[in-house]
Amino acid sequence: MTLENLLKGEKTVSIYRQGAFVDLCRGPHIEKTSQIKAFRLNKLSGSYWLGDAKNEPLQRVYGLCFSTKDELVNYEKMIEEAKKRDHRLIAKQQKLFTWREEGPGFPFMLPKGRTLFNLLVEYNRRKNAARGYVEIATPQMLIEDLWKISGHADYYRDNMYFSTVDERLYAIKPMNCPGAMLLYKEERKSYREFPLRVAEFGLVHRHELSGVLHGMFRVRAFTQDDAHVYCSMEGLKAEIKDIVDYTLEVYKDFGFNDFVIYVSTRPEKAIGDPEVWERATAMLKESLDEKGIAYKIKEGEGAFYGPKIEFNVKDCIGRQWQLGTAQVDFFLPERFGLEYIGADGANHRPAMVHRAIFGSLERFIGILIEHTMGAFPVWLAPLQVKVLPITDLQNDYAKSLLKSLIAAGVRAEIDDSSERVQKKIRNAQLEKTPYMLVIGAREAEAGKAAVRLRTGIDLGAMTLDEFLQGLHAVESARSNELWPGLQDKGGDIPAQ
RNA sequence: GCCGACGUAGCUCAGUGGUAGAGCAGCUGAUUCGUAAUCAGCAGGUCGUGAGUUCAAUCCUCACCGUCGGCUCCA
């Protein structure tokens, strides 16, 4: 690659100069290096001439610079803060999930992590049902031909897992849609059934490049809170609006109140008629416009089969995470020959929207961990209560209390080791257990429990009923508070 | 996949060309204690895997696997 063919077809070339340094660059550059008051070289990576792996490798050195030293210090503090929230470390401390060499990129869910996962599914199922969704499940692997029809085998072959059984080639599903298409065709559909909202908690496998794996944020197997919504062209916009409402409602339940929304348009590698793309993209924009929701455009970032709305949230330290998407798809219905009978008695092609709100449940769990620093709100805490007898004279009473808690649907454990309460509290605290029920002779005698919150607040002795009332109140409100009337953001745990 | 670093007990880490150690966790015993670590003892590792160099490799070399930080990618 030479400068000559690099510049082929370019009409304008920009050159920047800093003292003796002259750079051919798209820019912009700062005027003079004296404007930089603080800098740090912080990253090193391999790169390629023009970003193409076929070209010669280069070393790239990254630096940060700021106009004041304070800004640099603040930035570095933020990085430190982010490190303390690393979901991989917190998951290890709280025994949520783990990784093994035997399955690189495949999460192993431990009991507490699976509890959290199940709570998300439970939450989602209830919401789906209330919004008129039905739920299906499609097979984990389907014959390769199906993936040729859907286009996935052409576009993502290198990222798919295959298996040959009985001399037939099967692909492990990287997406749920083709299976869903088959189920749509199971029976003839009528316009009277529309909008048809079909959800699936689909476990998909995608062979991601080894270098991109990163905790729960980038895995090779994950569960989508997927859904396919089928409707008429006329009904499409209403469905998109419904999905937007639904999505934002969910994020608020999890304490994400700051959203950034993007509309991603047609990529270079796409199937279908550009005109259809244009219409679908316009429809997405109109839906957001009509709801008065601000959005930005990501040019060429859509999926190969359709444009999408991407929902990003900001966490409590300002980082942005992409969660859900809503994607219009006119192509799969066509490729699979989906039809419905309209009011006119004729066959029509339905419009379809793919949507996911959490996106990947595994990834969402990772984001939740970093957002809350592992101090989950009561309704999501895999362990809500730790019962702590002070001496083993209280063990029997403490165990009966534990039994009552569990019977009342509370996620509770007991620490009846022969350690001192200080140690038991410390351990429960490090696991960020919302409630510690300290049981001494006084409580056992009075049939009560001394309630300590993980924030260090001691609520004093109360009866089981009083405790359950408070717990259930904050739980059912999906509150960030630990106790009714107490201001507690859940994240302000004293440093260990 | 690419660039770079790393891989020692369940976890966090120390250490050496002559086959390894601590703290925590675990187990046993003692202690029975009031809101962030009680004491003692025991047990625990073919030093990621394979090959090479060497009288001798956990240590040096190479390959592979995995992890971490970036790049690229993320239907």
Side-chain angles (χ1 to χ4, degrees), chain A residues 42-48 51-62 83 86 88-89 92-93 95 98-105 147 150-160 173-178 204 206-215 217-220 222 224 226 264 267 269-271 301-306 308 310 322 325 327 329 332 354 356 359-360 363 388-395 416-431 436-443 450-454 456-461 493-496:
Chain A
N42 68 325
K43 280 182 212 166
L44 220 50
S45 91
S47 179
Y48 294 97
D52 188 335
K54 283 185 275 265
N55 294 333
E56 59 182 300
L58 306 168
Q59 252 329 293
R60 187 182 283 170
V61 180
Y62 291 79
K83 267 188 203 157
D86 191 316
R88 294 166 298 186
L89 298 178
K92 191 163 269 180
Q93 288 162 1
K95 298 190 182 16
T98 188
W99 310 92
R100 309 274 318 180
E101 279 199 20
E102 290 85 346
W147 305 98
S150 70
H152 293 97
D154 292 336
Y155 283 83
Y156 290 103
R157 187 166 201 93
D158 292 345
N159 294 311
M160 289 168 67
K173 67 175 176 182
M175 283 195 84
N176 305 302
C177 10
V204 297
R206 299 177 179 181
H207 183 257
E208 304 289 0
L209 293 178
S210 58
V212 306
L213 300 176
H214 182 97
F217 290 163
R218 200 68 185 277
V219 291
R220 285 176 171 155
F222 58 95
Q224 294 178 312
D226 209 353
S264 295
K269 229 177 140 189
I271 54 176
E301 304 259 322
F304 72 84
Y305 49 72
K308 60 184 176 186
E310 295 178 16
Q322 196 199 117
T325 59
Q327 314 181 355
D329 186 341
L332 279 187
H354 308 250
S360 147
R363 194 178 119 91
L388 309 177
I390 291 177
T391 77
D392 54 14
L393 291 174
Q394 286 85 50
N395 280 357
D416 57 359
S417 64
S418 65
E419 296 291 346
R420 294 160 45 180
V421 238
Q422 286 94 318
K423 179 69 168 288
K424 296 184 185 186
I425 287 172
R426 178 183 152 81
N427 287 342
Q429 194 77 59
L430 290 175
E431 290 172 68
M436 291 158 233
L437 299 191
V438 180
I439 310 297
R442 292 200 298 269
E443 287 75 19
V451 179
R452 181 196 209 269
L453 305 182
R454 68 175 165 216
I457 292 171
D458 184 354
L459 296 181
I493 300 292
Q496 43 185 74

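Lettering follows sequence order; numbering is per chain, from 1.
At a threshold of 4.5 Å between non-hydrogen side-chain atoms, the residues V219(A) and W99(A) count as touching. The closest side-chain heavy-atom distance from Y156(A) to P174(A) is not below 4.5 Å. Under the 4.5 Å side-chain criterion, counting only non-hydrogen atoms from C-beta, L388(A) is not in contact with L437(A). Here the side chains of P389(A) and E443(A) are not in contact, with every heavy-atom distance at 4.5 Å or above. You'll find the side chain of R454(A) stays beyond 4.5 Å of the side chain of E431(A), heavy atoms only. With contacts defined as side-chain heavy-atom distances shorter than 4.5 Å, the pair R452(A)/L459(A) does not qualify.
Using P as the reference atom, C59(B) and G23(B) are 26 Å apart when rounded to the nearest Å. Comparing the P positions of C2(B) and A63(B) gives an interatomic distance of 12 Å, to the nearest angstrom. Look at the P atom in both A57(B) and C11(B): the space between them is 27 Å, to the nearest Å. One P atom belongs to A9(B), the other to A20(B), and the distance between them is 15 Å to the nearest Å. As rounded to the nearest Å, G7(B) and G15(B) have P atoms that lie 11 Å from one another. Taking the C1' atoms as reference points, U58(B) lies 33 Å from C71(B), given to the whole Å. Only the C1' atoms considered, A37(B) is 39 Å distant from U49(B), to the nearest whole Å. Rounded to a whole angstrom, the distance from the C1' atom of A22(B) to that of U67(B) is 24 Å.
Checked against the 6.0 Å centroid threshold, H152(A) and F304(A) count as a close aromatic pair.
Of the possible donor and acceptor atoms, none in the side chain of T325(A) sits under 3.5 Å from a partner among the backbone N and O of Q327(A).
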| field | Stepwise side-chain contact (heavy atoms from CB on, under 4.5 Å) check, Y305(A) with H354(A) | value | CA-CA 11 Å; Y305(A) 49 72; H354(A) 308 250; 3.6 Å; yes
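Atoms CD (Q224(A)) and C1' (C74(B)) sit 12 Å apart, rounded to a whole Å. One can place NZ of K269(A) at 13 Å from C1' of C74(B), the figure rounded to the nearest angstrom. Atoms OH (Y155(A)) and C1' (C74(B)) sit 17 Å apart, rounded to a whole Å. The separation between N176(A) atom CG and A75(B) atom C1' is 12 Å, rounded to whole Å. Atom pair L209(A):CG and G1(B):P shows a separation of 7 Å (rounding to whole Å applied). Distance F304(A) CZ to C73(B) P: 18 Å, rounded to the nearest Å. Atom pair E301(A):CD and U72(B):C1' shows a separation of 13 Å (rounding to whole Å applied). When the C1' atom of U67(B) is taken as reference, atom CZ of F217(A) falls 17 Å away, rounded to whole Å.
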| For every nucleotide of nucleotides 29-34 of chain B, 5' to 3': is a protein heavy atom under 4.0 Å from its base (B), only from its sugar-phosphate (S), or from neither (-)? | -BBBBB
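Close to G69(B), at under 4.0 Å from its OP1 or OP2, lies a side-chain N or O of H214(A). For the OP1/OP2 pair of U38(B) and a distance below 4.0 Å, the side-chain nitrogens and oxygens of K424(A) include no atom meeting the criterion.
At the heavy-atom level, K173(A) lies nowhere under 4.0 Å from the strands shown. Contact annotation for P174(A): base contact, defined as any heavy-atom pair under 4.0 Å involving a base atom. Looking at heavy-atom distances under 4.0 Å, N159(A) makes contact with a base.
Along RNA chain B, the nucleotide nearest to V451(A) and the one nearest to K92(A) differ in position, and the one closer to the 5' end is contacted by K92(A). Residue whose closest nucleotide on RNA chain B sits further toward the 5' end, between R88(A) and M160(A): R88(A).
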At a cut-off of 3.5 Å, list every protein nitrogen or oxygen paired with a nitrogen or oxygen from nucleotides 47-49 of chain B, distance to 0.1 Å.
none

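Every residue meeting the salt bridge (charged side-chain N to carboxylate O under 4.0 Å, His left out) condition with R218(A), not counting sequence neighbours, appears here in chain and number order: E208(A). R88(A) is linked by a salt bridge (charged side-chain N to carboxylate O under 4.0 Å, His left out) to D86(A), counting only residues two or more places apart in sequence or in another chain. For Q422(A), there are no side chain to side chain donor-acceptor pair (under 3.5 Å) partners, not counting sequence neighbours.
The side chain of S210(A) approaches G1(B) more closely than any other nucleotide in the set A75(B), U35(B), G1(B). Of all nucleotides listed (C71(B), A36(B), A75(B)), A36(B) comes nearest to the side chain of R452(A).
With a cut-off of 3.5 Å on both pairing distances, the Watson-Crick and G-U wobble pairs of RNA chain B assemble into stems of 3 or more at B:1-7 with B:65-71, B:10-13 with B:21-24, B:26-30 with B:38-42, B:48-52 with B:60-64.
Separation of atoms NZ (K424(A)) and CD1 (I390(A)) is listed at 8.5 Å; rounding is to 0.5 Å.
Counting distance only, with no hydrogens placed and no angle test, the side-chain atoms of R218(A) and the base atoms of C73(B) include a donor-acceptor pair under 3.5 Å.
Remark: the N395(A) side chain and the D416(A) side chain contain no N/O donor-acceptor pair separated by less than 3.5 Å.
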